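Working notes for the structure below.
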2 protein chains.
Amino acid sequence: MTRRIVVVGGDATGMSAANTALRHGGSASYEVVVLECGHYTSYSACGIPYWIAGDVTERDDLIARAPEQHREAGIDLRMRTEVTAVDLDKQVVSFRAVDGDGQDGELEYDDLVLATGARPIRPPLDGIDAEGIFGVQSLEDGEAILDDLTGRDLRRAVVVGAGYIGVEMAEAMLRRGLEVTVVDQAPEPFTQVDPDMGALVREAMEGMGMTVLTGTPVEGFDVGDDGRVRAVRTGDATLPADVVVLGLGVRPNVSLASEAGLTIGESGGIATDVRMRCVGHGNVWAGGDCVQTHHRLSGRGVAIALGTHANKHGRIIGTNLAGGYGAFPGVIGTAISKVCSLEIGRTGLGEAEATAAGFAYVTATIESSNVAGYLPGAEMMTVKVLAEQRSGRLLGAQIVGRANAAKRIDVFATAIWNGMGAEEMTFMDLSYAPPFSPVWDAVLVAARKATKAVEADSPASPA
Amino acid sequence: MTRRIVVVGGDATGMSAANTALRHGGSASYEVVVLECGHYTSYSACGIPYWIAGDVTERDDLIARAPEQHREAGIDLRMRTEVTAVDLDKQVVSFRAVDGDGQDGELEYDDLVLATGARPIRPPLDGIDAEGIFGVQSLEDGEAILDDLTGRDLRRAVVVGAGYIGVEMAEAMLRRGLEVTVVDQAPEPFTQVDPDMGALVREAMEGMGMTVLTGTPVEGFDVGDDGRVRAVRTGDATLPADVVVLGLGVRPNVSLASEAGLTIGESGGIATDVRMRCVGHGNVWAGGDCVQTHHRLSGRGVAIALGTHANKHGRIIGTNLAGGYGAFPGVIGTAISKVCSLEIGRTGLGEAEATAAGFAYVTATIESSNVAGYLPGAEMMTVKVLAEQRSGRLLGAQIVGRANAAKRIDVFATAIWNGMGAEEMTFMDLSYAPPFSPVWDAVLVAARKATKAVEADSPASPA
């Protein structure tokens, strides 16, 4: 008997689940229907800043697989089709044609996969719907920005929010020749790293010619008679703006799940078990930006919107749908970004996160070069490590540097994933040759300093 | 009471041990005497190819700390002083002045540190002592090569041996404008990786304009009337050569230890316990290129000459000398190299090593790009993984690629160090952003393919 799998959302998680299930299970066993409300499938949202910057010339380069390719693989893919409701008891989804020229209807499912992604945060500020103010979430957003920038004489860009998308879009605007101001309410940019590391990011961004205004909440936008944004208003000032980019982060898109009565976790994402089954519903699966995942260090539920998790979730769901066993092992908050030549990496817990999780910890910060110091082009990076008091277990690491700096965060990620202590890490057998690192790689130097900090700091247990 | 520590050898291990002991123990507790037969202390032998190539312009740039700096730190450093014998019962070393103008004599010790390094392999081939044939071990070697190359019109360089030093010196000679031929008796160059990966290295070297002759043992050297090398003779051919570089690897320099009666391990290096104490002698320590270390995967003793191990050994010895506790956790054979734009990394066991250690294993080889495929400058790398049959435990990994490829070996090194399986690694939280990797990083793709290979290959246990 053929089981029908209905997938809501045709991006990373949804299409990966659909393809994996079909590949392992076969189309004789499964009928896979994917309902996608947008125009595109399987695209790289993370690539949009590089498209705006001009590194990527064609929109289609950001599309890993077009609808036709999915259909050729045997998937019944229905584009511009929005799912409006799920009835978990009847096992039915209701959908409508977004453009009005398709069919509305209902569809029964044996298994349901929710891959509804995330929604950009868009505070209800005065003037936020003016022309010239853009989000950066979908390929449609990217097209709108490019259309707006092309053939106009825009001089001043203001980027609201100095997180991943914010700094990457700031680079894109700078490289397109605009004057760039980045505004954020936090004390330092890039709050994914601690403020002391964020200060290094600020310095570097200022060195690139950007204006960075932190501790500065945006209060609204001045709009011209033509309906176009003219300026960004903060408490302190009015910043003239020809174009504004919003990079305020995203929230899990759980309205469908929530209305259907599925459990939403403390982080705001759909709660699932390790196999990505929605709590209490063995035939309803969810993954990607819309779910809550387990943080291996804090033990808490977190919602982290990232293509790499979304792809893994999709594969795990697909494996399970096809009768295999797949379990998602959780996350540790690894991330990486680049602003022009500046590289930023982080993994594990930052100081505020470690404190919130209840850890007592020490920190160690070091500077080291990316290659042997005597080679031309050697550049310094700063590495900060958090280790648990007494045990010395690694809790987090952050790197800010230039070329070949930030990808080293994966070594910390792997060490933290495995519960390593700072001391053991210090003597780990990592690669060395002069064009790749000093004889003590930066990560080892940082681990060594963290070991000393643990030794110096740890109080004895009370008697 | 002041204890006297006598250190034989003033490079990485010896000076690191001396400095660590003094820093932790204090000069009131310890008198530290270092005897070094050469002209230099604490230099980067690994940097010599980059000095020859011209990246490093001053010899002194390769010296991390000059003799005066060590003396200022309180070390009684005696240069050009060769230790000729050790009497373990009397706790006395005998030494002689190399240049004949110093003092010969004897010195009692409370603790002895042997850091005698390695000796380059130099087979007794016909003509090997001719002018124009160079090793690449010491700064003196580097000076000799540079003197020879400077102001002469040399056209053809032959490099004998296609290991680390061989390929790095081949690059250096190529960049100095010489025609380069690399000769090795093995079937493919760079036997630190498996032959299938070595074939990629060969292709790349040939693409750079080098001639690579493998399966070709060198039988001798033709020498001109002026005493200078003219050609390299192999079984098949006579290769004209204006200059010859020997890159045949090194062996632990254990003559002093051996004559003193210390235990030499199966690998040819001095046998020590985990604290780097020579077997059966609680006050005799050894580290660096002259010792045998424990391979964490094979469980066997290996001798690996590498500055990173040497520095770690020195620090551990110094910590122990000062009354602390330091233990060397062993190695897993991690290494990295570069030939022009080609990067090569390896960790764990290669196929021959895995077989010799008794493992049954599967392999998986994948190609992936160094950054998101849609970005300009994306370049492919090849990643090979060995995983144990049935258990799926990672046993080894090898990477051959271009920019930003080989340092990924550290992720495998950290995973293998921690005994991870291929399947768990597949879902590990590594960093992702388009300028740093595809959404599935190459190491995850390789782990995924290895997982499938384990599933497909593993035979059931006999009933």
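Side chains included, hydrogens not; waters and symmetry mates left out as well; all remaining heavy atoms used. Predicted model, so just to flag it, every value in this text is computed and none were measured. Here is how names work: the chains are called A, B, and so on, in the same order as the sequence lines, proteins then strands, and each is numbered from 1.
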Is there side-chain contact between B:Glu424 and A:Pro329, with heavy atoms separated by less than 4.5 Å?
no

Chain B: which of A:Leu306, A:Thr57, A:Thr347, A:Val439 shares the most heavy-atom pairs with it under 4.5 Å?
A:Val439

Go through the atoms of A:Leu444 and report whether side chain, backbone, both or neither lie under 4.5 Å from a heavy atom of chain B.
side chain

So A:Asp429 and B:His309, do their side chains get closer than 4.5 Å, heavy atoms only?
yes

Select, from A:Pro435, A:Pro438, A:Gly307, A:Gly330, the one with the greatest count of heavy-atom pairs under 4.5 Å involving chain B.
A:Pro435

Based on non-hydrogen pairs under 4.5 Å, which of B:Pro49, B:Pro376, B:Ala415 is most in contact with chain A?
B:Pro376

Calculate, to the nearest 0.5 Å, the distance between atoms NZ and OH belonging to B:Lys407 and A:Tyr432 respectively.
10.5 Å

Below 4.5 Å, heavy-atom pairs only: which of A:Ile316, A:Ile409, A:Thr426 has the largest tally toward chain B?
A:Ile316

Using modelled atom types only, decide if a donor and an acceptor are shared between the side chain of B:Asp410 and the backbone of A:Val411 within a distance under 3.5 Å.
no

Just give me the residue among B:Phe412, B:Phe427, B:Tyr50 that pairs up with chain A most often, heavy atom to heavy atom, under 4.5 Å.
B:Phe427

Selection from B:Ser44, B:Ala12, B:Gly326, B:Gly345 maximising heavy-atom pairs under 4.5 Å formed with chain A
B:Ser44

In this structure, CH2 of A:Trp51 is separated from OH of B:Tyr374 (nearest 0.5 Å) by 11.5 Å

Counting heavy-atom pairs under 4.5 angstrom with chain A, the leader among B:Arg448, B:Met425, B:Glu168 is B:Arg448

What residues of residues 395-406 of chain A make heavy-atom contacts with chain B at a cutoff under 4.5 angstrom?
A:Asn404, A:Ala406

Is it the side chain or the backbone of A:Leu430 that comes within 4.5 Å of chain B heavy atoms, both, or neither?
both

Of all of A:Ala413, A:Ser437, A:Ala433, A:Pro434, which one pairs up most often with chain B through heavy atoms under 4.5 Å apart?
A:Pro434

Under 4.5 Å between any side-chain heavy atoms of A:Glu343 and B:Phe436, yes or no?
yes

Just wondering, more than 12 heavy atoms not from A:Arg300 lying within 6.0 Å of its CZ?
no

Are any non-hydrogen side-chain atoms of A:Trp440 and B:Asn311 less than 4.5 angstrom apart?
yes

What residue in A:Ile336, A:Asn418, A:Asp61 has the most heavy-atom pairs under 4.5 Å with chain B?
A:Ile336

Need one label for A:Ser337: side chain, backbone, both or neither, based on atoms under 4.5 Å from any heavy atom in chain B.
backbone

Any side-chain to backbone donor/acceptor pair from A:Ser431 onto B:Thr334? Under 3.5 Å, distance only.
no

If I measure from the heavy atoms of chain B, does A:Arg346 come under 4.5 Å with its side chain, its backbone, both, or neither?
neither

To the closest 0.5 Å, what do you measure between CD (A:Glu423) and OH (B:Tyr325)?
9.0 Å

Less than 4.5 Å to any heavy atom of chain B: does that hold for the side chain of A:Ala335, its backbone, both, or neither?
backbone

What part of A:Met420 gets closer than 4.5 Å to chain B, counting heavy atoms only: side chain, backbone, both or neither?
side chain

Could you tell me whether the side chain of A:Lys312 and the main chain of B:Met428 form a donor-acceptor pair under 3.5 Å?
yes

